[in-house]
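Atom set for the values below is all heavy atoms of this structure, side chains included, hydrogens, waters and symmetry mates excluded. Below, read A as the first sequence line, B as the second, and so on, with proteins coming before strands; counting in each chain starts at 1.
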Amino acid sequence: MVEGGAMTDRPRVRFAPSPTGYLHIGGVRTALFNWLWAKKTGGTFVLRIEDTDQERSTPENERIILDSMRWLGLDWAEGPDVGGPHGPYRQMERLGIYQEFVAELISKGHAYRCTCTKEELDAQREALKQNDPKAQFRYPGTCRERTAATPDRPFVIRFKAPGSGAVTYKDKVFGEVTTPLSTLQDAVLVRADGVPLYNFGAVVDDITMGITLVARGRDHMINTPPQILLYEALGRKVPEFAHLPMMLAPDGSKLSKRHGAVSVAEYKDKGISPAGLLNYLVRFGWSFGDEEIFSLPDLISKFDWERCGKGDGKFDMKKLSAVAFEHLKRKELTTDEAYLAGVRPFLEARGLSVDDDRLVRALPLFRERGQTWADAAELMDYLFRESPVMDEKASKKFLVAPKADLLDEVASLFAEAPDFAPAALESAFNAFIAGKGLELKDVAQPVRVALTGRTASPGLFDVAALVGRDTAVARLRAAAQIARASAG
RNA sequence: GGUCCCAUCGUCUAGCGGUUAGGACAUCGGCCUCUCACGCCGGUAACGCGGGUUCGAUUCCCGCUGGGAUCGCCA
């Protein structure tokens, strides 16, 4: 068996999701920090699937998680799909490995077989609660001295906890943490069916996969002491630990579906860019002076554990949108190609036939208007339709009888303009309205509604040029008809 | 309740003994303007409390309060 990271001194980190649901936004933050560290140090990012909760784990969830990771661009060097030298990378495929470690633990006297059933213990726990609601139930050690190698009843494997002393470790984020061992009990390591529990499975895998740094959410901090005990009982090198502060809901409670989107897929569907989402998440517990906006390469070079904070944070959708928007606005963060690829599915979802050339020309005008790709697609809707979807209120307000002739005249002006480029169009238009003693602001809205079907859009002449002369003229004439037909 | 952890504007945070406590989002004014955005200018807004240490505490120590995590044959 390959063990440890002997072949290299580069860090090996991992993200070990449980396929019991979609990829949670908090999980992404954990994955991101690990990934950044691997990229920065030239280390290895391992993806491991912890599917030992057979009740809730499904292959479908695993697929969703991997898809989300790919969408985010958090690639892994070793994992269930790509394999690797320390595989397999699904815990349920590693059952034999856990048995080897169980045997080692038992032979060293650090673990024992326990035939107490869950029902028996639940009853004891309940009885204790009855007598003293504040009392803390601890496994009484009934089977501690059992010697039979194969009891006549189903048995679980329990760790023989020291019962006294203390464990101290140096957390890369929280600093020195010391926990007394007196409260630790003989935890179950492996179920009767041979499936390991979290603390044991994770330790065995981290050992055999050569993980050198375990970075995970602060909710796992409580698991660290018993895990360290396991490393020590097995005589293996204890990895480094880095715990990340919690990401909470706006009201300070645990972030859940109740508070809105927690699944990565939902952000994808909202049109948030992966880089924008990651940028928002990295600022949760990590900062770099006053800098807020980072490209991925930027993050890789700047990230480090020393700049991680310890305080929990609350999720803020508004800020996420703002950060993601910043990424969409800046060409150096979202290239035209990336923007195109990002917004296109949202346009297509609206049933629009996307003209690539027009879309590229539209980009500079819409980048700063659509907070998300979904927004942008909505704003660009009229660019890819024969005629715009007419907003009733806008039409009623601006396409009125007194404007009908004007709209027709503008249509003619547009039809005859020698140059249909925005600047030329604008000067021709200005000359036209000046001749009528009007100002741009007097006629802009009717024309805008005619061209776009709405009261808000980029500059009129930009829009006209974008949809093209024929379409613009047709829309103006159609609007003139509407105006003429309106009551008035 | 036991154990562990945390504590700067509403939110994310900078600060690593001496600052008019900074930035960003949000919010409120204003500018720009063909609308909407973008952009720009400005305002409101924070060191939880009490003790120490120190010439001097947001910063170091202790206590309190508050918040979170966990106490499973979930992860």
Side-chain angles (χ1 to χ4, degrees), chain A residues 16-18 20 50-53 55-57 91 114 116-118 121-122 125 132-138 154 156-158 171 174-175 177-185 187-193 195-199 201-202 216-225 243 245-248 250 252-254 280 283-293 307 309-323 325-326 329 365-371 379 394 398 426 429-430 433 439-449 452 454-461:
Chain A
S18 167
T20 52
E50 305 207 333
D51 55 354
T52 54
D53 181 346
E55 299 278 304
R56 299 188 297 150
S57 296
Q91 292 193 316
C114 168
C116 297
T117 66
K118 191 177 193 311
L121 295 173
D122 284 346
R125 202 187 325 264
D132 180 4
K134 289 189 204 128
Q136 186 188 336
F137 177 76
R138 299 182 64 196
V156 300
I157 306 297
R158 274 185 195 276
D171 192 286
F174 286 91
V177 179
T178 300
T179 307
L181 261 27
S182 51
T183 56
L184 254 51
Q185 54 180 325
V188 173
L189 264 25
V190 181
R191 300 176 176 93
D193 59 4
V195 178
L197 262 56
Y198 175 70
N199 275 335
R216 75 241 287 202
R218 186 173 64 74
D219 49 336
H220 284 290
M221 221 163 179
I222 202 90
N223 289 317
T224 306
H243 290 95
M246 302 266 81
M247 214 167 80
L248 306 169
S253 66
K254 202 171 153 193
Y280 173 71
R283 292 283 292 97
F284 249 97
W286 180 84
S287 61
F288 195 80
D290 281 343
E291 286 185 49
E292 293 260 40
I293 304 300
R307 289 176 177 279
K310 307 177 195 178
D312 292 343
K314 294 172 185 165
F315 185 82
D316 181 3
M317 187 60 211
K318 286 231 181 75
K319 179 90 181 206
L320 200 200
S321 296
V323 171
F325 185 28
E326 203 58 36
K329 271 186 298 201
L365 266 31
F366 288 88
R367 264 181 189 272
E368 64 200 28
R369 269 167 246 260
Q371 282 233 330
L379 294 173
F398 294 107
E426 181 164 13
F429 193 87
N430 283 335
I433 56 176
E439 284 186 74
L440 181 53
K441 64 168 179 268
D442 300 325
V443 294
Q445 286 307 74
V447 173
R448 185 184 318 282
V449 174
T452 68
R454 47 183 96 185
T455 53
S457 81
L460 280 184
F461 310 105

- Query: Is any side-chain N or O of S287(A) closer than 4.0 Å to OP1 or OP2 of A14(B)?
  - Reply: yes
- Message: If I pick the C1' atom on U33(B) and the same atom on G10(B), what distance separates them, to the nearest angstrom?
- Response: 32 Å
- P458(A) vs S253(A), nearer the 5' end of RNA chain B by closest nucleotide: P458(A)
- Assign E292(A) to base, sugar-phosphate, or nothing according to its heavy-atom contacts below 4.0 angstrom with the strands shown. base
- Query: Is a side-chain N or O of D171(A) found less than 3.5 angstrom from the main chain of V177(A), in a donor-acceptor match?
  - Reply: no
- Item | Between P of G72(B) and NZ of K118(A), the distance in whole Å | 10 Å
- Are V323(A) and E292(A) side-chain neighbours, meaning at least one heavy-atom pair lies under 4.5 Å? no
- Item | For G50(B), the Watson-Crick or wobble counterpart (both distances under 3.5 Å) | C62(B)
- Under 3.5 Å, is there a donor-acceptor pair between the side chain of T452(A) and the main chain of R454(A)? yes
- Item | T20(A) side-chain N/O to C74(B) phosphate OP1/OP2 under 4.0 Å | no
- Message: By the 4.0 Å heavy-atom rule, please label N223(A) as base, sugar-phosphate, or nothing.
- Response: base
- Between atom CG in D53(A) and atom P in C74(B), what is the gap in whole Å? 7 Å
- Query: Reckon L197(A) touches a base, only the sugar-phosphate, or nothing at all at heavy-atom distances under 4.0 Å?
  - Reply: sugar-phosphate
- Task: Taking atom P in both C32(B) and C41(B), compute the distance separating them and give it to the nearest angstrom.
- Result: 15 Å
- Distance between the C1' atoms of A45(B) and G23(B), in whole angstroms? 14 Å
- Task: Looking only at side-chain atoms of R56(A), point me to the closest of C5(B), C74(B), C34(B).
- Result: C74(B)
- Task: Select base, sugar-phosphate, or nothing to describe what G370(A) touches, counting heavy atoms under 4.0 Å on all strands.
- Result: nothing
- Closest to side chain of Q185(A), choosing from G72(B), U35(B), A69(B): G72(B)
- Note on the structure: Winner on side-chain proximity to R448(A), out of A69(B), C34(B), G2(B), is C34(B)
- Item | Gap in Å between the two C1' atoms, one belonging to C49(B) and one to U44(B), rounded | 25 Å
- Item | Distance in angstrom units between Y198(A) OH and U70(B) C1', rounded | 13 Å
- Item | C1'-based separation of C60(B) from A69(B) [nearest Å] | 27 Å
- Query: Using a cut-off of 4.0 Å on non-hydrogen atoms, how would the nucleic acid contact of T183(A) be classed: base, sugar-phosphate, or nothing?
  - Reply: sugar-phosphate
- Given side chains that start at C-beta, do those of L440(A) and I433(A) come closer than 4.5 Å, heavy atoms only? yes
- Message: Whole angstroms only, please: what is the CD-P distance between E291(A) and C12(B)?
- Response: 20 Å
- Message: Under 4.0 Å, heavy atoms only, any strand: does R125(A) hit a base, just the sugar-phosphate, or nothing?
- Response: sugar-phosphate
- Has the side chain of K319(A) got a donor or acceptor atom sitting under 3.5 Å from an opposite partner on the base of A24(B)? yes
- Of the candidates U3(B), G10(B), C38(B), the side chain of I222(A) sits closest to U3(B)
- Query: Between U11(B) and K314(A), is there an OP1 or OP2 to side-chain N/O distance shorter than 4.0 Å?
  - Reply: yes
- Message: Roughly how many Å apart are U58(B) and G39(B), using the P atom of each and rounding to a whole number?
- Response: 36 Å
- Query: What does S18(A) touch in the nucleic acid at a heavy-atom separation under 4.0 angstrom: a base, only the sugar-phosphate, or nothing?
  - Reply: sugar-phosphate
- Pairing nucleotide - C40(B), Watson-Crick or G-U, each distance under 3.5 Å: G30(B)
- Note on the structure: Partner of C55(B) under the Watson-Crick or G-U wobble criteria, both distances under 3.5 Å, comes out as G18(B)
- Message: At 4.0 Å (heavy atoms only), tell me whether V156(A) reaches a base, stays on the sugar-phosphate, or touches nothing.
- Response: base
- Item | Atom-to-atom span, CG of L248(A) to P of C6(B) - whole angstrom | 15 Å
- In the structure shown, which nucleotide is the Watson-Crick or G-U wobble counterpart of G72(B), with both distances under 3.5 Å? none
- Query: Mind checking whether R367(A) and F325(A) have side chains closer than 4.5 Å, heavy atoms only?
  - Reply: no
- With rounding to whole Å, what would you report as the distance between G18(B) and U59(B) at their C1' atoms? 11 Å
- Query: Is T178(A) touching bases, backbone alone, or none of the nucleic acid, heavy atoms closer than 4.0 Å?
  - Reply: sugar-phosphate
- Query: Counting side-chain heavy atoms from C-beta on, which of C34(B), A75(B), A69(B) comes nearest to D219(A)?
  - Reply: A69(B)
- Message: Check the phosphate of G39(B) against K329(A), side-chain N and O only, distance under 4.0 Å to OP1 or OP2. Yes or no?
- Response: yes
- Could you check how far NE2 of H243(A) sits from P of C5(B), rounded to whole Å? 12 Å
- In whole angstroms, how far is the P atom of C74(B) from the CG atom of D51(A)? 14 Å
- Task: Answer with base, sugar-phosphate or nothing: what part of the nucleic acid does P180(A) contact at a heavy-atom distance below 4.0 Å?
- Result: sugar-phosphate
- Message: So, under a plain 3.5 Å distance rule, would you say the side chain of D312(A) forms a donor-acceptor pair with the base of G68(B)?
- Response: no
- Task: Ignoring backbone atoms, establish whether K310(A) has a side-chain N or O less than 4.0 Å from OP1 or OP2 of C6(B).
- Result: yes
- Query: In whole Å, what is the span from the CH2 atom of W286(A) to the C1' atom of C12(B)?
  - Reply: 13 Å
- Task: Could you let me know what A24(B) is paired to, Watson-Crick or G-U wobble, both distances under 3.5 Å, or none if it's on its own?
- Result: U11(B)
- With the side chain of Q136(A) defined as its heavy atoms from C-beta on, choose the nearest nucleotide among U35(B), C34(B), G2(B). G2(B)
- Message: Parallel, tilted or perpendicular: which one describes the rings of Y280(A) and F315(A), with boundaries at 30° and 60°?
- Response: perpendicular
- Query: Would you say the side chain of R448(A) lies within less than 4.5 Å of the side chain of S457(A), judging by non-hydrogen atoms?
  - Reply: yes
- Item | P-based separation of G63(B) from A7(B) [nearest Å] | 15 Å
- Task: Ignoring the backbone of R218(A), work out which of C34(B), C5(B), C36(B) is nearest its side chain.
- Result: C5(B)
- Pairwise 5' ranking along RNA chain B for P196(A) and P250(A), keeping only the more 5' one: P250(A)
- Query: Do R369(A) side-chain and C38(B) base share a donor-acceptor contact under 3.5 Å?
  - Reply: no
- For F288(A), is the NZ or CZ atom of R307(A) found under 6.0 angstrom from the centre of its six-membered ring and inside 45 degrees of the ring axis? yes
- Message: Measuring to OP1 and OP2 of C25(B), would you say a side-chain N or O of R283(A) lies under 4.0 angstrom away?
- Response: no
- Can you tell me if R191(A) uses its side chain to pair, donor with acceptor, with the backbone of L197(A) under 3.5 Å? no
- Task: Indicate, with a heavy-atom threshold strictly under 4.0 Å, whether F284(A) touches base, sugar-phosphate, or nothing.
- Result: sugar-phosphate
- Query: Do Q445(A) side-chain atoms and F398(A) backbone N/O form a donor-acceptor pair below 3.5 Å?
  - Reply: no
- Is S321(A) touching bases, backbone alone, or none of the nucleic acid, heavy atoms closer than 4.0 Å? nothing
